[in-house]
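Worth knowing before you read on, the calculation uses all heavy atoms, side chains too, and leaves out hydrogens, waters and symmetry mates.
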Amino acid sequence: MVKPNIKNKIFEIFFISVYCIVMAGCNDINRNDLIIKDAYLYLPLKGSDMSVGYLKFENNQTKKIVITSIECEKVKVSLHETIVNSEGMTKMKELEMFVVDPNSLINFKPGGKHVMFSGLTGFKDSILRCAFLSDSRVKIPFTFKVLTNEQ
């Protein structure tokens with residue numbers, strides 16, 4: 001049996017370290033540069049199981065990110081946008097995707113983009129865990145603060 005010498009061991013450790021550093025830098029999306037903040041929703045009024053949620057999505061990367069869907073624990077969820085047509089009528093349409101440009105912020109707010117929830121009857125938790133899914137299948141987890149209408 002051949003005993004490895006110290007130079008070979010050092011080279012092996014160095015090579016593995018460099019490989020790990022390079023592979024970590026090859027991630028499709030650096031999630032630390034994607035910030036979702038101020039996410040909240042109100043529980044629905046009695047007799048309804050639907051509600052709407054709002055948030056701010058900040059992309060501090062140098063490349064755009066394409067969001068294709070959202071998923072949440074325990075409830076059905078979808079992305080929507082309120083639009084005003086040429087006749088001045090307000091309508092809501094479901095979004096198949098949305099783009100967050102590099103170094104920009106999208107504000108989900110009343111009268112614009114928002115998240116629609118259904119299946120909230122009897123929901124008792126103070127937070128709702130969700131995740132956006134990008135076109136490259138990367139999950140971006142975040143939580144909604146769940147508020148009651150009394151707050």
Side-chain angles (χ1 to χ4, degrees), residues 12-151:
E12 190 176 310
I13 292 169
F14 174 76
F15 179 76
I16 291 171
S17 299
V18 169
Y19 177 79
C20 290
I21 291 169
V22 168
M23 290 310 292
C26 292
N27 260 352
D28 179 49
I29 292 176
N30 181 352
R31 287 183 238 168
N32 294 331
D33 291 338
L34 301 173
I35 301 168
I36 299 168
K37 58 186 177 184
D38 303 330
Y40 70 94
L41 71 101
Y42 282 98
L43 287 175
L45 298 172
K46 193 169 184 105
S48 176
D49 77 336
M50 296 190 74
S51 188
V52 64
Y54 305 107
L55 57 97
K56 294 176 183 165
F57 192 128
E58 191 173 338
N59 180 3
N60 294 317
Q61 300 184 124
T62 57
K63 61 182 180 177
K64 73 179 180 181
I65 181 163
V66 179
I67 301 298
T68 56
S69 65
I70 184 172
E71 54 188 37
C72 295
E73 296 178 340
K74 305 178 187 178
V75 299
K76 293 179 184 174
V77 63
S78 56
L79 300 167
H80 285 79
E81 184 171 24
T82 303
I83 57 171
V84 179
N85 68 14
S86 59
E87 299 164 356
M89 290 187 62
T90 302
K91 294 185 177 191
M92 185 172 59
K93 74 172 191 170
E94 188 168 354
L95 295 175
E96 293 181 20
M97 52 80 81
F98 69 92
V99 176
V100 188
D101 289 323
N103 299 306
S104 69
L105 172 92
I106 292 186
N107 194 4
F108 283 61
K109 60 184 180 181
K113 287 180 179 52
H114 54 277
V115 180
M116 291 296 301
F117 299 92
S118 63
L120 288 168
T121 303
F123 192 86
K124 302 285 185 211
D125 297 339
S126 61
I127 62 166
L128 176 62
R129 287 179 177 77
C130 298
F132 281 119
L133 192 61
S134 76
D135 61 343
S136 57
R137 309 300 292 165
V138 172
K139 285 188 176 184
I140 306 159
F142 67 100
T143 58
F144 277 95
K145 184 176 181 179
V146 179
L147 307 171
T148 64
N149 289 302
E150 291 88 42
Q151 293 175 332

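In this structure, F98 and K113 approach most closely via the heavy-atom pair CB-CE, 4.0 Å. Considering all non-hydrogen atoms of both residues, N59 and D101 come closest at ND2-O, 3.3 Å. Scanning both residues, K139 and A131, for their nearest heavy atoms gives CB-CB, 4.5 Å. The minimum heavy-atom distance between P44 and M50, with the atom names listed, is CB-O, 3.0 Å. Closest heavy-atom contact between L41 and L128: CD2-CD2, 4.0 Å. Taking each heavy atom of F117 and F144 in turn, the nearest pair found is CZ-CE1, 3.6 Å.
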V138/I65 under side chain to side chain contact (heavy atoms under 4.5 Å, CB included): CA gap, chis, key distance, verdict = CA-CA 10 Å; V138 172; I65 181 163; over 6 Å; no
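Taking the ring centroids of F132 and F142, they lie under the 6.0 Å cut-off.
Residue D135 holds its CG atom at 10.5 Å from OG of S69, rounded to the nearest 0.5 Å. Within the model, atoms CE of M116 and NZ of K76 stand 13.0 Å from one another, a figure rounded to the nearest 0.5 Å. Taking CE of M97 as the reference point, atom CD1 of I67 lies at 9.5 Å (rounded to 0.5 Å). Rounded to the nearest 0.5 Å, atoms CD1 (I35) and CD (E58) are 4.5 Å apart. To the nearest 0.5 Å, the span separating NZ on K145 from CD1 on I127 amounts to 11.5 Å. Between the CG atom in D49 and the CG atom in L43 there is a gap of 11.5 Å [rounded to 0.5 Å].
The backbone N or O of L133 sits less than 3.5 Å from a side-chain atom of T68, completing a donor-acceptor pair.
Residues V77 and V115 are in side-chain contact: their nearest non-hydrogen atoms beyond the backbone lie under 4.5 Å apart. Between E73 and D125, every side-chain heavy-atom pair lies at or beyond the 4.5 Å cut-off.
Within 6.0 Å of atom CD in E96, 12 or fewer heavy atoms from other residues, nucleotides or ligands are found, so the atom counts as exposed in its surroundings.
A parallel orientation is assigned to the rings of H114 and H80, their planes being inclined by less than 30° (bins at 30° and 60°).
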